[in-house]
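Structure, as structure tokens:
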Protein chains: 2
Amino acid sequence: MAADVLDATFAALADPTRRAILARLREGEATVTELAAPFAMTQPGISKHLRVLERAGLVSRGRDAQRRPCRLEAAPLKDAVDWLANYRSYWEESYQKLDALLGELNQNGPDATERDIP
Amino acid sequence: MAADVLDATFAALADPTRRAILARLREGEATVTELAAPFAMTQPGISKHLRVLERAGLVSRGRDAQRRPCRLEAAPLKDAVDWLANYRSYWEESYQKLDALLGELNQNGPDATERDIP
DNA sequence: CGGATTTATAACCAGATGGTTTTATATCGT
DNA sequence: ACGATATAAAACCATCTGGTTATAAATCCG
């Protein structure tokens, strides 16, 4: 898991416009103007975001006359998930604690909270 | 899944120093100086990274005399994983294609590659 | 050929980021 | 009270980022 791959992937995902573009591309290829349509942003703005996504390997582009259709390339996202998987037990731990707490409260029967906390 | 939560989380993860800090914190609480030790960086540099992690909710801090021990808060990582989960099928698709390709090659028996590709 | 469409490129700008050095603040130990 | 330790805060700097406008390049259509 090369560090700069994760750098580029996470950095690319840190922008809501770029995440929305990726979400759109799940439904299939799209041209730059199609991708730009939903946003209150100029075309060069979108092109810049696409360049970031492309450099991160999250988007590849074809050729169709003047158009450069964009396609989702999800592979780098797997690396991100793999990195995050190392932390799963840590956020699950919180749920375990919460479960334990709720269990303890429930042990006193329904509405135990009202009786116990004063 | 508030957008700016994902913004802050992914942005925090986009820096290798910060990812290394989080990795270190999996082994338990650590003070700022302990966290700074492995890095060729000044203490204020590390403190800045910690402030980013704290603002993203990935680190919380206690009090122990002059020390402000840092603790991993993994909850926001779950949101990141949940977002990424929407793409799992897309990167798995690549594996399916690869599997299909390998299967097809294998169908011709071992070493089919050599015979088929000329 | 000539105009329209699609995209990229360049130049520019404000603000964020990642780092530094220097200094202040809080707390300990003696 | 004093020096040492741990951390934060401030000021500064270079570079990156996210956006713009204006322009160029490529390709279609008639």
Side-chain angles (χ1 to χ4, degrees), chain A residues 3-25 28-73 76, chain B residues 3-25 28-73 76:
Chain A
D4 29 349
V5 171
L6 285 179
D7 287 8
T9 304
F10 282 130
L13 296 180
D15 185 278
T17 302
R18 288 194 291 263
R19 288 198 306 275
I21 289 176
L22 292 180
R24 163 65 182 80
L25 289 178
E29 291 195 353
T31 68
V32 176
T33 36
E34 283 167 354
L35 290 173
F39 299 101
M41 197 182 305
T42 58
Q43 169 260 315
I46 298 292
S47 279
K48 273 190 162 190
H49 282 303
L50 287 174
R51 205 159 49 90
V52 173
L53 290 167
E54 203 177 1
R55 269 190 8 228
L58 290 166
V59 152
S60 66
R61 342 199 41 177
R63 216 1 118 94
D64 170 25
Q66 321 108 33
R67 269 142 273 150
R68 308 287 316 277
C70 300
R71 163 195 303 267
L72 175 63
E73 297 288 342
Chain B
D4 31 348
V5 170
L6 285 179
D7 288 8
T9 304
F10 283 130
L13 296 180
D15 184 280
T17 302
R18 288 195 290 263
R19 288 199 305 276
I21 288 176
L22 292 180
R24 164 65 182 79
L25 288 179
E29 289 195 356
T31 70
V32 176
T33 35
E34 282 167 354
L35 290 172
F39 300 101
M41 196 182 306
T42 58
Q43 168 260 315
I46 297 292
S47 279
K48 274 189 162 191
H49 281 302
L50 287 174
R51 205 159 48 89
V52 173
L53 290 168
E54 205 176 1
R55 267 191 9 228
L58 290 166
V59 152
S60 67
R61 344 198 40 175
R63 219 357 121 93
D64 171 23
Q66 321 108 34
R67 268 142 273 148
R68 308 285 318 275
C70 299
R71 163 194 303 268
L72 174 63
E73 298 288 342

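Naming: A, B, ... by sequence-line order, numbering from 1 per chain. The shown structure was predicted, so the numbers you read here are calculated from the model rather than taken from an experiment.
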Are any protein N/O atoms closer than 3.5 Å to N/O atoms in nucleotides 28-30 of chain C? If there are, list each pair with its distance.
unit_1 : atom_1 : unit_2  : atom_2 : d
C:dC28 : O4'    : B:Gln66 : NE2    : 2.6

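With sequence neighbours excluded, the residues forming a side-chain contact (heavy atoms from CB on, under 4.5 Å) with B:Ala20 are B:Phe39, listed by chain and number. In this structure, the side chain to side chain donor-acceptor pair (under 3.5 Å) partners of B:Gln43, at least two apart in sequence or on a different chain, are B:Ser47. Partners of B:Asp4 according to the salt bridge (Lys or Arg N to Asp or Glu O under 4.0 Å) rule, which considers only residues two or more places apart in sequence or in another chain, do not exist here.
With A:Arg18 contributing its side chain and A:Ala11 its backbone, the two residues share a donor-acceptor pair below 3.5 Å. In terms of modelled atom types and a separation under 3.5 Å, the side chain of B:Arg68 and the main chain of B:Gly62 share a donor-acceptor contact.
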Within the 4.0 Å limit for protein heavy atoms, which parts of nucleotides 18-24 of chain C are touched? Write it as a string from 5' to 3', B for base, S for sugar-phosphate only, - for none. BBBBB--
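Within the 4.0 Å cut-off from OP1 or OP2 of C:dA26, not a single side-chain nitrogen or oxygen of B:Arg68 is found.
When all heavy atoms of A:Gly57 and A:Glu73 are compared, the pair lying nearest together is O-CB, 3.3 Å. Nearest heavy-atom pair, A:Pro69 versus A:Asp64, reported as atom, atom and distance to 0.1 Å: CD-N, 3.9 Å. Closest heavy-atom contact between B:Leu22 and B:Leu58: CD2-O, 4.0 Å. Contact between A:Ala56 and A:Ala8 at its shortest, heavy atoms only, is CB-O, 3.8 Å.
Rounded to whole Å, the distance from CG on A:Asp7 to P on C:dT17 is 15 Å. Here C:dT5 presents its C1' atom at 14 Å from CZ of A:Arg63, a figure rounded to the nearest Å.
Scanning DNA chain D 5' to 3' for nucleotides with an atom closer than 4.0 angstrom to a non-hydrogen atom of chain B gives a first and last hit of D:dT5 to D:dA9.
Residue A:Glu29 is tested with A:Arg61, A:Arg71, A:Arg67 for a side chain to side chain donor-acceptor pair (under 3.5 Å); the sole match is A:Arg71.
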